[in-house]
Amino acid sequence: MRSNGCGDLRKEHIDNSVQLCGWVDRRRDHGGVIFIDLRDRTGTVQITVDPDLGAEAFAVAEHLRSETVLQISGKVRARPAESLNEKLATGAVEVLASGITVLNSVKGNLPFPVSVHDEENTREELRLRHRYLDLRRKRMNDNLRLRAQTIQAARRFLEDEGFIEVETPVLTRSTPEGARDYVLPSRVCGGEWFALPQSPQLFKQLLMVGGIERYYQVARCFRDEDLRADRQPEFTQLDIEMSFMDQEEILQLNESLICSIWKAVKGIDLPRPFPRMTWHDAMERYGTDRPDTRYGMELTNVSDIVKDMGFKVFSGAVKNGGAVKCIAVPGGNEALSNVRIKPGGDVFSEAQKAGAGGLAFIRVRDGGEIDTIGAIKDNLSDEQKQELLSRTGAEPGTLLLFGAGDTATVNKALDRVRQYLAKELGMVKADRDNDQWNFLWVVDFPMFEFNSDENRYEALHHPFCAPNAEDLGSDASQWADTLPGARAQAYDLVLNGLELGGGSLRIHDSALQRQVLQTVGLPLEEAQEQFGFLMDALDVGAPPHGGLAFGVDRMVMLLAGEESIRDTIAFPKTQQARCLMTNAPGGVADKQLEELHVASTWVDPTEEDSN
RNA sequence: GGGACCGUAGUUCAACCGGUUAGAGCACCGCCCUGUCACGGCGGAAGUUGCGGGUUCGAAUCCCGUCGGUCCCGCCA
């Protein structure tokens, strides 16, 4: 149907007869001559329709609207010297139309404009309802191309390294721990249920037992949890697993992978090696396991300085086993008024949202004088003051913001305040303009976290991570005691404060695997019932193995400078996990439910009262 | 499950502390215009202010409920 792409035409095509297909981006009617911007996936070119040089085409062109689908035949010619368009890649030429065929027209009003010139803030609800139109817009079209490039670059790298892509089941079984499963009734096996995979974790380990040695998969994963800007109920992981590799080798290989993706997609040579930080340091210095290292304002622990002071908020926190930490905001005295850091202020409420009771502050004035509430000032000795200033590196003009309480809450609150201030004070560029790529490996995660509500240990990562051998010790009879406090051979790749991926070395010893499952509170019989196949597999010569998985949606989001993974997914769901275009989920016929041996107990709350 | 914000013409927005016939840009329709490129000029049509209720002489505006969307907390190994 066409000889060239609209956006491909250049001077060298002058005098060529061409056929083009595409959409009317815009039409400019000068009464005598009509210009049409014709757009296809390659770009836009100007079509000129002259009544003297194509009367039939002119008659059609007179009534064209935006987004009409056209086939155009004509001749490429140079534009007059005074009407070159430097803003357009094809701006040196135009196509003089001899024939215009309308392939399809737009009936009624468009739900929203498509042209790049009209890409204003369209309500996302509308974009999702008419996603096919939204995808036609440059922004989404570009994002999907960028996504394909990203995946393509990963595939090329991994294939070159001897990895093969293996598909794993989408119909699988539910496992305890982790997120809520999407569940699917079995028609054939009445009363039994499939679950959609939260990740291919166990299957990829079994592929290692199966001698694949190097596996990857662009895998769809499913988790029935509430949504966020960076969380969808179905999402895509670049899932990788390999045998006979230690942690260092795995990190190196994945750095190479990331570098080749960034090179292919952004043309950037990332500096190597990526910095590393232990989980413990990350929590201590940033209050989070995924620090954004693009800016400073690290957390300083001042618990020891204030542990005995008269200001009970501080000393009490330390006495109760908590901590007092602070962040130093350079120039904060100038930039942040008291109104903003006191109750009701925007900075204060950030801390509050993270569960903090308050946000104490000290303003450092000229000559190291401090300005703060009396309760702090009156209870701080000169020595303590000096120590505070030197440890935080505070200079005149610096604002110190303090969190006090249990350590987890303090970390959470100050992490949140730190991120908020970085944006507020312009320490990071807007996502759209970001050109800083601060990768960071966070290593040495703890194996477990104690859940005080349920009075048991939970796997921080998942219960298949291999513990650090030193922490575990060689005496298997001691594992029940050494395991809970052990570090895992687990690692996360963090980019600009977002978790891009994570993984670990896996347990390849069935006895150790049983012990870990017991530690997270799974009785032996249940472990056998749920994971017997895994333990059996480990007993037939499982190789040492490990791997990781990257969040493809997030990676593309960062590469595209978007703030939501919905803008990297062709057909995403809303926060209510609904598709506004197809209106899924929807009802099914009673007969279908019968066949599945399922009855619904759902009661429409709006009709509940009538009973 | 909880907190916050949003919903006005096809669309993007406006309409102060409740007060004439709810306005504007773009899009749409008609007319004019032979070098524009987010063309320009003149004119026109277009609204159950998401929906339901309440307060009031009077509601887009205030209150309650509800539906939908977004952000966040919980949740997400």
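Order of the sequence lines fixes the chain letters, A, B, ..., with proteins taken first and strands second; residue numbering starts at 1 for each chain. All values below were derived from every heavy atom in this structure, side-chain atoms included, with hydrogens, water molecules and symmetry-related copies excluded.
For A/F464, the ring-ring contact (aromatic ring centres under 6.0 Å, His included) criterion is met by A/H462, A/F531, not counting sequence neighbours. Remark: A/F450 engages A/Y457 in a ring-ring contact (aromatic ring centres under 6.0 Å, His included) (not counting sequence neighbours).
Look at A/H30 and the base of B/C39; the rings stack, centres closer than 5.5 Å and planes less than 30° apart. Taking the 5.5 Å centre cut-off and the 30° plane limit, the aromatic side chain of A/F112 is not classed as stacked on B/U11.
Across all strands, A/L460 comes closer than 4.0 Å only to sugar-phosphate atoms, never to a base (heavy-atom distances). When heavy atoms are screened at a 4.0 angstrom cut-off, A/P463 is found touching base atoms of the nucleic acid. Using a 4.0 Å heavy-atom criterion, one finds that A/L126 contacts the sugar-phosphate atoms exclusively.
If you check B/C39, B/C71, B/G69 against the side chain of A/T574, the one that comes closest is B/G69. Of the candidate nucleotides B/U36, B/U11, B/U34, B/U34 has the atom nearest to the side chain of A/V33. Residue A/R223 has its side chain nearest to B/C76 when only B/C75, B/C76, B/C37 are considered. Taking only side-chain atoms of A/D52, from C-beta outward, the nucleotide of B/U36, B/C26, B/U34 with the closest atom is B/U34. The side chain of A/R566 lies closest to B/U70 when the candidates are B/U70, B/U8, B/U11. For A/R228, taking side-chain heavy atoms from C-beta onward, the closest of the listed nucleotides B/C73, B/A27, B/C71 is B/C73. In this structure, of B/U12, B/G35, B/U34, it is B/G35 that holds the atom nearest to the side chain of A/F35. Proximity note for A/R416 (side chain, C-beta onward) versus B/A38, B/G35, B/C72: the nearest is B/C72. Closest to the A/T122 side chain, of the nucleotides B/G74, B/U12, B/C71, is B/U12. Comparing atom distances between the A/Q575 side chain and each of B/C72, B/G35, B/C26 picks out B/C72 as nearest.
Across B/C62 and B/A15, the matching P atoms stand 12 Å from one another, rounded to whole Å. On the P atoms, B/A9 is 15 Å away from B/A24, given to the nearest whole Å. Here, B/C5 and B/G10 have their C1' atoms 25 Å apart, quoted to the whole Å. For the C1' atoms, the distance linking B/C13 with B/G19 amounts to 23 Å, nearest Å. Here, B/G7 and B/U12 have their C1' atoms 14 Å apart, quoted to the whole Å. Spacing between B/G68 and B/C42 at atom P, rounded to whole Å, works out to 45 Å. Remark: the separation of the P atoms in B/G3 and B/G47 is 37 Å, to the nearest Å. Comparing B/U36 with B/C29, their C1' atoms are spaced 22 Å from each other, to the whole Å.
A/R456 and A/E449 are not joined by a salt bridge, as no carboxylate oxygen comes within less than 4.0 angstrom of a charged side-chain nitrogen. Remark: A/E225 engages A/R180 in a salt bridge, criterion side-chain N to carboxylate O under 4.0 Å. For the pair A/R26 and A/D37, the salt-bridge criterion is not met [side-chain N within less than 4.0 Å of a carboxylate O]. A salt bridge links A/K204 with A/D239: the distance from a Lys NZ or Arg NE/NH1/NH2 to an Asp or Glu carboxylate oxygen falls below 4.0 Å. Between A/R432 and A/E563 there is no salt bridge, since no side-chain nitrogen of the basic residue lies less than 4.0 Å from a carboxylate oxygen of the acidic one.
Atom OH of A/Y182 and atom P of B/C75 are 19 Å apart (whole Å). Counting to the nearest Å, the C1' atom of B/A38 and the CZ atom of A/R27 are 15 Å from each other. In this entry the distance linking CD of A/Q576 with P of B/G69 reads 6 Å, nearest Å. Between the P atom of B/C39 and the CD atom of A/Q46 lies a distance of 10 Å, rounded to the nearest Å. In this structure, A/E350 atom CD and B/A4 atom C1' are separated by 12 Å, rounded to whole Å. Put simply, CG on A/L227 is 15 Å from C1' on B/G68, counting in whole angstrom units. Atom P of nucleotide B/A27 and atom CH2 of A/W23 are separated by 21 Å, given to the nearest angstrom. Between the NZ atom of A/K107 and the P atom of B/C28 there is a distance of 16 Å, given to the nearest Å.
One N or O donor and one acceptor, one from the side chain of A/R231 and one from the base of B/C76, sit under 3.5 Å apart. Scanning atom types as modelled, one donor and one acceptor separated by under 3.5 angstrom connect the side chain of A/R79 and the base of B/U36. With hydrogens and angles ignored, a donor-acceptor pair under 3.5 angstrom links the side chain of A/R77 to the base of B/G35. Put simply, the side chain of A/E82 and the base of B/G35 share no donor and acceptor less than 3.5 Å apart.
Base orientation of B/C57: anti, since the glycosidic angle falls outside 90° of 0.
Pairing of B/U49, defined by two Watson-Crick or G-U wobble distances under 3.5 Å, is not identified with any nucleotide. Of all nucleotides present, only B/G69 satisfies the Watson-Crick or G-U wobble test against B/C5, with each distance under 3.5 Å. The nucleotide B/C26 finds its pairing partner in B/G10, both defining distances of the Watson-Crick or G-U wobble pair being shorter than 3.5 Å. Across all strands shown, B/U55 remains unpaired; no Watson-Crick or G-U wobble contact has both distances below 3.5 Å. Nucleotide B/A60 forms no Watson-Crick or G-U wobble pair with any nucleotide shown, as no partner meets the under 3.5 Å limit on both distances.
Closest-nucleotide positions on RNA chain B for A/K412 and A/D29 were compared, and the one nearer the 5' end corresponds to A/D29. Toward the 5′ end of RNA chain B lies the nearest nucleotide of A/P51, the other residue of the pair A/D230 and A/P51 mapping further downstream.
With hydrogens and angles ignored, the 3.5 Å screen pairs no side-chain donor or acceptor of A/D431 with any backbone N or O of A/E562. Remark: side-chain polar atoms of A/E458 are not paired, donor with acceptor, to backbone N or O of A/F448 under 3.5 angstrom.
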